[in-house]
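Single-structure report; data block below.
Atoms considered below: every heavy atom in the structure, side chains included; atoms not considered: hydrogens, waters and symmetry mates. Residue indices begin at 1 and follow the sequence shown.
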Amino acid sequence: MTAGVVLCGGQSSRMGQNKSELIYKGKPLKAFMRSVLLDAGLDSVYFSGPDGIADEQSGLGPLSGMSSSLRALDDGINVLFVPVDMPLLNSKLVAGLLDVVEDSEVTRFEGQHFPLILKNTKKVRQILTKQLEDKQLAIHQLFEQLSQKLVELEGQSVQFTNVNTQKEWQAIKNN
């Protein structure tokens, strides 16, 4: 089983407003991202952040949301994480990632941090906890400690574009 989590716990400081509430294709961005995951075939999708699974340690970036989510969800399942600010991501790409999940602790596209699938195990949770305690907040540091399945991409995809500023949002919201 794989559950989905939309990471919505950021401070949106560069955007100047809550990114998860920006309207994209007629929906708040968090609802749009949830629909992408549901359309990819996931049965359950959660939000990480103030309107869902609260970060146990706020202000520590996506690792905090991932750690809190893994603790809240069933042991042993796979958890697919996407950031709320990646609106060009589509369900076909996500489904492709779901199709290749193996026994690796991390499944992700080569050269990309998100979307990613983590196996919810005690080892993974302990590594995340230790990184947060040590303020080692870079996701690549997590990857270095876990077995990985890297999925090749053909060419660079704009689907992995993060939207962090008003200028980036204006450029993307009409796609």
Side-chain angles (χ1 to χ4, degrees), residues 1-10 14-15 19-20 22 24-25 29-49 53 60-70 73 76-121 123-125 127-128 131-132 136-165 168-169 171-173 175:
M1 180 188 154
T2 303
V5 174
V6 179
L7 297 167
C8 305
R14 289 177 282 172
M15 183 65 70
K19 286 190 268 188
S20 67
L22 294 170
Y24 186 71
K25 297 192 177 187
L29 197 49
K30 67 182 181 182
F32 177 80
M33 294 305 294
R34 181 178 189 273
S35 68
V36 168
L37 297 185
L38 291 171
D39 290 346
L42 294 174
D43 292 324
S44 55
V45 177
Y46 304 90
F47 296 116
S48 166
I53 301 169
L60 297 181
L63 288 184
S64 180
M66 292 161 57
S67 177
S68 298
S69 295
L70 291 179
L73 298 172
I77 68 168
N78 292 315
V79 183
L80 185 142
F81 291 96
V82 296
V84 73
D85 60 1
M86 198 178 273
L88 299 181
L89 189 66
N90 69 41
S91 58
K92 182 178 178 185
L93 191 70
V94 173
L97 194 62
L98 291 168
D99 287 344
V100 298
V101 172
E102 295 176 354
D103 286 333
S104 300
E105 294 159 318
V106 178
T107 304
R108 65 184 176 99
F109 290 103
E110 194 168 347
Q112 302 297 324
H113 288 162
F114 291 104
L116 69 88
I117 300 171
L118 287 178
K119 189 164 289 298
N120 191 5
T121 65
K123 175 187 173 186
V124 172
R125 291 188 303 270
I127 289 172
L128 277 166
Q131 273 192 248
L132 291 168
Q136 294 180 346
L137 306 179
I139 292 176
H140 72 86
Q141 292 170 314
L142 175 66
F143 297 156
E144 291 168 0
Q145 301 177 72
L146 300 172
S147 65
Q148 295 186 71
K149 164 73 173 172
L150 297 176
V151 179
E152 268 190 66
L153 280 172
E154 292 184 24
Q156 284 293 337
S157 176
V158 297
Q159 294 182 44
F160 299 108
T161 303
N162 285 92
V163 180
N164 293 303
T165 66
E168 291 169 344
W169 176 245
I172 232 169
K173 75 175 185 177
N175 282 338

message: Would the distance check show the side chain of Ser69 and the main-chain N or O of Gly65 forming a donor-acceptor pair, the cut-off being under 3.5 Å?
response: yes

- prompt: Is there side-chain contact between Leu118 and Asn78, with at least one heavy-atom pair below 4.5 Å?
  reply: no

message: Go through it in stages, so that I can follow the logic: the residues are Glu152 and Phe109, the test is side chain to side chain contact (heavy atoms under 4.5 Å, CB included), and I'd like the CA-CA distance, side-chain angles, deciding distance and then a yes or no.
response: CA-CA 6 Å; Glu152 268 190 66; Phe109 290 103; over 6 Å; no

Any side-chain heavy-atom pair of Leu89 and Met33 under 4.5 Å: yes

message: Taking the six-membered ring of Phe47 as reference, does the cationic atom of Lys30 (NZ for Lys, CZ for Arg) lie under 6.0 Å from its centre and within 45° of its axis?
response: yes

- prompt: Measuring from Ile127:CD1 to Leu132:CG, what's the distance to the nearest 0.5 Å?
  reply: 12.0 Å

- request: Please round to the nearest 0.5 Å and tell me the distance separating atom CG of Leu128 and atom CG of Leu60.
  value: 11.5 Å

task: Provide the closest heavy-atom pair for Pro62 versus Ile139 in the form atom of the first, atom of the second, distance.
output: CG-CD1, 3.9 Å

task: Starting from the C-alpha separation in whole Å, work towards a yes-or-no answer on side chain to side chain contact (heavy atoms under 4.5 Å, CB included) for Asn164 and Asp85.
output: CA-CA 7 Å; Asn164 293 303; Asp85 60 1; 3.2 Å; yes

message: Tell me whether Ser147 contacts the main-chain N or O of Glu105 through its side chain, where contact means a donor paired with an acceptor under 3.5 Å.
response: yes

field: Inter-residue atom distance Asn120.CG - Arg125.CZ, 0.5 Å rounding
entry: 4.5 Å

Closest approach of Pro87 to Ile172 (non-hydrogen atoms, all atoms of both residues): CG-CG2, 4.0 Å

field: Stepwise side chain to side chain contact (heavy atoms under 4.5 Å, CB included) test for Asp43 and Met1
entry: CA-CA 9 Å; Asp43 292 324; Met1 180 188 154; 5.9 Å; no

query: Does the Gln136 side chain pair with the main chain of Gln141, one donor and one acceptor, at a distance under 3.5 Å?
result: no

- prompt: What pair of heavy atoms forms the shortest contact from Gly4 to Leu42, and how long is it?
  reply: CA-CD1, 3.7 Å

Any donor-acceptor pair under 3.5 Å from Ser68 side chain to Ser64 backbone: yes

- prompt: Any side-chain heavy-atom pair from Val106 and Ile117 closer than 4.5 angstrom?
  reply: no

- prompt: Stepwise, does the side chain to side chain contact (heavy atoms under 4.5 Å, CB included) test hold for Thr2 with Ile77?
  reply: CA-CA 6 Å; Thr2 303; Ile77 68 168; over 6 Å; no

query: Between Leu37 and Tyr46, is any pair of side-chain heavy atoms under 4.5 Å apart?
result: no

task: May I ask you to decide whether Glu102 forms a salt bridge with Lys149, counting only side-chain N to carboxylate O separations under 4.0 Å?
output: yes

message: Main chain of Val158, side chain of Thr161: is a donor-acceptor contact present, judged purely on distance under 3.5 Å?
response: yes

message: Is there a side-chain contact between Val82 and Phe114 in this structure, where contact means two heavy atoms from C-beta onward sitting under 4.5 Å apart?
response: no

task: Locate the shortest heavy-atom distance separating Pro115 from Leu80; write the atom from each residue and the value.
output: CB-CD2, 4.5 Å

- prompt: Are the side chain of Ser35 and the backbone N or O of Phe32 linked by a donor-acceptor pair below 3.5 Å?
  reply: yes

query: Sub-3.5 Å donor-acceptor pair from the side chain of Gln112 to the main-chain atoms of Arg108, do we have one?
result: no

- prompt: Do Phe143 and His113 make the cut of ring centroids closer than 6.0 angstrom?
  reply: yes

message: So Val94 and Asp39, do their side chains get closer than 4.5 Å, heavy atoms only?
response: no

message: Please give me the minimum heavy-atom distance between Val163 and Glu168, naming the atom from each residue.
response: C-OE1, 3.6 Å

field: Neighbour count above 12 (heavy atom, 6.0 Å) for Asp99 CG
entry: yes

Spacing of Gln159 atom CD and Asn90 atom CG [to the nearest 0.5 Å]: 4.0 Å

query: Does the side chain of Trp169 come within less than 4.5 Å of Leu29's, by heavy atoms?
result: yes

message: Looking at every non-hydrogen atom in both residues, tell me the closest pair between Ala138 and Gln131 and how far apart they are.
response: O-NE2, 3.4 Å

message: Rounded to the nearest 0.5 Å, what separates atom CG in Leu93 from atom CG in Leu88?
response: 11.5 Å

message: Just verifying a value: how many Å separate Ser104 OG and Leu150 CG, rounded to the nearest 0.5 Å?
response: 8.5 Å

